[in-house]
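What follows is a single structure, written as structure tokens, with notes after it.
Predicted model only: the values in this text are computed from it and were never measured. If you read the sequence from its start, that first residue is 1, and numbering goes on from there. Scope of the values below: all heavy atoms of this structure, side chains included, with no hydrogens, waters or symmetry mates.
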Amino acid sequence: MKKVMTKYCNACLSVLVGIGMFLFWYVAYPHALSYQEQYQLFLWTWDYFLERICLPGGLADWLGEFIVQFYYVEWMGALLLSLLFVALQLLTARLLPKSWWLMSMVPVALLWWLMGDINVLLSFVVAVVLSLALACFRMKKSLSWTDALILPLAYWLIGPAIWIYVVIRVLQLGWKHLWTSGWLLAVQLAAYAWCLPQWPLQQVFMGLNYYRVPLHSPQLSGYDQDMYELIRQDYLVRNERWDEIVKRAGAYQVRTPFWSNCVNLALSQKRLLADRMFDFYQSGDDALIIPRTRDLTSMLPSAEAFWHLGMVNSAQRYMFDTQESILNGRKSGRCTKRIAECMIVNGHHQTAAKQLDLLKKSLFYRTWAEEVEAMMNDETKLNAHPVYGRLRQLRYKENFLYNYEEIDKMFGLLFMNNTENKMALDYFLGQLLLKGNMQAFQQYLGMAQQYGGYRQMPLGYQDVMRCIQMQGRVADSPYAKYIQRMTERRGK
């Protein structure tokens, strides 16, 4: 009876793990799935498989990326991830004494918490599951000498997580099996000396594909609220869910330029930037567009703003720099798609075709790439496209370089190039206000009245004019509070 109850309880625990994980990722943290998916581009090619398998841990890496590609469809990604954690719990339960079934939740909880570090790759979780699966398969086999054959292959396929298997085997067979730890250490050193001399020894021992940042190790950092709020805002920008961005900004704010960029872009798409810009936190001169920053996240909302503005070359440059900043050398499905779109809008069809060829070898970008490729050489279709045709009308007609300090002038020039580009007008006047250039704002305010399409002066501009007239002595003025904060910051 006790065995039946234990088996029943373990089954219920597995179901609870599956349901809990699915709801966590699909309902609470779909943006975390999107974040991981956008920093890889899984290709269904033999070459792609060989590229992964030629390094230790390659099979775990390939399987991890295989699962992550399904994060593109959030419920599918959440389902596969929950099944992976169910497998982790079941394998752990099988290795433990039956009366210890509740302890099978320990590795589940630890790995779930560890995945709060956004640089932890799913290949690490997969490697742990594969190591436990091998330990379960070998559980009743006492022929320890066979591990001499198994460990080199297992290390190459799974990576350093195979140490979990070695520890379990020592616990199963006793101290006489300690020789396997020395053997595995020798295998790793031999792999480093003969196959991996270009890699740091630290990575060979800790895993080449477990963590996105080289020479760093995962931290039990948990799910930092501010960081994941920024990830959520970028996820909403990617999916153009502008109303949700504004709604969340009213409830919770993160005082960073990244957050300001996302919120201002959403306001501009709702034609609310002139009215409500200073109702929300503004980081300073970089609140609309962040200067070029060499990391894999910071420039994404700015790149999206450039795209919607019609500054296609800048959008392409920011997306390219973002992709090149992925520290484990992966391609990005999101960035590759946008780069291809920028090339198409600019008429660079041959170079766009190279990006589309990559996307056609993926699962979830393939259909889009084939559709775009079919119309790419038809100028009539491109000009009639609701997005590409519009951007062809808005974009600059000449190529030139500019300094970030002159970004306001670029917005103004973009607007004068096409006075239908109301977003460029809003960004031009908004940038002048962020810089505190009151004189230029008053000089060009007439353009908002003439071309902005407003029935009356936007509330935000009314507040600015009141602030100017009263020399900032307006207690309830959002813009006056912004200027005061910037003045205090510059004075420090």
Side-chain angles (χ1 to χ4, degrees), residues 33-74 76-77 79-81 83-84 119-127 129-130 153-159 161 191 195-196 198-199 203 207-212 214 238 296 316 319-344 348-377:
L33 301 182
S34 177
Y35 180 87
Q36 298 298 334
E37 184 275 335
Q38 72 185 14
Y39 292 121
Q40 70 164 57
L41 179 59
F42 186 89
L43 303 181
W44 290 72
T45 64
W46 182 245
D47 289 343
Y48 188 83
F49 175 75
L50 290 179
E51 183 181 347
R52 294 293 176 267
I53 208 71
C54 69
L55 292 174
L59 179 62
D61 190 25
W62 186 85
L63 289 174
E65 291 193 325
F66 174 84
I67 295 172
V68 169
Q69 72 175 322
F70 290 95
Y71 291 2
Y72 189 88
V73 181
E74 293 155 13
M76 294 178 65
L79 178 62
L80 291 175
L81 195 51
L83 292 176
L84 186 64
N119 290 311
V120 171
L121 301 176
L122 192 64
S123 57
F124 179 67
V125 181
V126 171
V129 171
L130 291 176
L153 178 61
Y155 167 69
W156 199 265
L157 295 178
I158 299 174
C195 305
L196 306 167
Q198 73 277 27
W199 293 90
Q203 279 191 271
L208 302 178
N209 307 303
Y210 294 161
Y211 200 68
R212 186 175 286 113
R238 181 183 182 183
L296 74 168
Q316 179 178 326
M319 279 295 183
F320 180 82
D321 286 351
T322 295
Q323 180 164 254
E324 293 304 305
S325 298
I326 302 175
L327 294 177
N328 62 349
R330 302 300 195 252
K331 290 290 184 181
S332 162
R334 176 184 179 181
C335 293
T336 301
K337 179 182 176 182
R338 181 66 83 216
I339 290 169
E341 289 181 309
C342 291
M343 291 176 175
I344 291 169
H348 302 153
H349 296 161
Q350 289 184 342
T351 49
K354 296 179 181 179
Q355 308 296 326
L356 295 177
D357 284 342
L358 279 177
L359 295 172
K360 286 192 297 183
K361 296 171 184 176
S362 67
L363 179 60
F364 294 106
Y365 297 95
R366 177 186 303 156
T367 300
W368 175 86
E370 291 173 346
E371 290 174 353
V372 171
E373 187 179 50
M375 73 171 187
M376 186 169 59
N377 296 315

Side chains of Arg212 and Gln36 only: does a donor on one sit below 3.5 Å from an acceptor on the other?
yes
Is it the case that the side chain of [X] and the backbone of [Y] share a donor-acceptor pair, with hydrogens and angles ignored and the cut-off at 3.5 Å?
X	Y	value
Tyr39	Leu296	yes
Ser362	Phe42	no
Arg334	Ser332	no
Tyr72	Leu363	no
Trp156	Leu59	no
Gln40	Glu65	yes

Where [X] and [Y] come nearest, the two heavy atoms and their spacing:
X	Y	answer
Leu33	Tyr71	O-CD2, 3.3 Å
Ala127	Ala161	CB-CB, 3.7 Å
Lys361	Thr45	CD-CG2, 3.7 Å
Ser34	Arg238	OG-NH1, 3.0 Å
Lys337	Leu359	CA-CD1, 3.8 Å
Leu196	Pro56	CD1-CG, 3.4 Å

Is there a side chain to side chain contact (heavy atoms under 4.5 Å, CB included) between Leu63 and Leu130? Walk through the geometry before answering.
CA-CA 10 Å; Leu63 289 174; Leu130 291 176; 4.2 Å; yes
Rounded to the nearest 0.5 Å, what's the gap from [atom1] on [X] to [atom2] on [Y]? Could you check?
X	Y	atom1	atom2	result
Thr351	Ile344	OG1	CD1	9.0 Å
Asp61	Leu208	CG	CG	9.0 Å
Arg366	Glu373	CZ	CD	13.0 Å
Glu74	Leu81	CD	CG	13.0 Å
Gln203	Gln198	CD	CD	10.5 Å
Met376	Leu356	CE	CG	5.5 Å

In a check of side chain to side chain contact (heavy atoms under 4.5 Å, CB included) between Ile67 and each of Leu83, Val125, Leu122, which one passes?
Leu122
May I ask you to check whether Tyr365 and Trp368 place their ring centers less than 6.0 Å from one another?
no
NZ or CZ of Arg52 within 45° of Tyr48 ring axis and under 6.0 Å
yes
Heavy-atom side-chain contact between [X] and [Y] under 4.5 Å:
X	Y	result
Leu43	Leu358	yes
Leu80	Val68	no
Leu121	Asn328	yes
Tyr211	Val120	yes
Trp62	Ile53	no

Residues Asp357 and Lys360 bridged, charged N to O under 4.0 Å
yes
Within the supplied structure, the quantity of interest is the number of heavy atoms (other residues, nucleotides, ligands) at a distance under 6.0 Å from Phe320 CZ; does it exceed 12?
no
The test is side chain to side chain contact (heavy atoms under 4.5 Å, CB included); show your working for Leu84 and Val126 and say whether it passes.
CA-CA 8 Å; Leu84 186 64; Val126 171; 4.1 Å; yes
Side chain to side chain contact (heavy atoms under 4.5 Å, CB included) between Glu324 and Met319, worked out:
CA-CA 9 Å; Glu324 293 304 305; Met319 279 295 183; over 6 Å; no
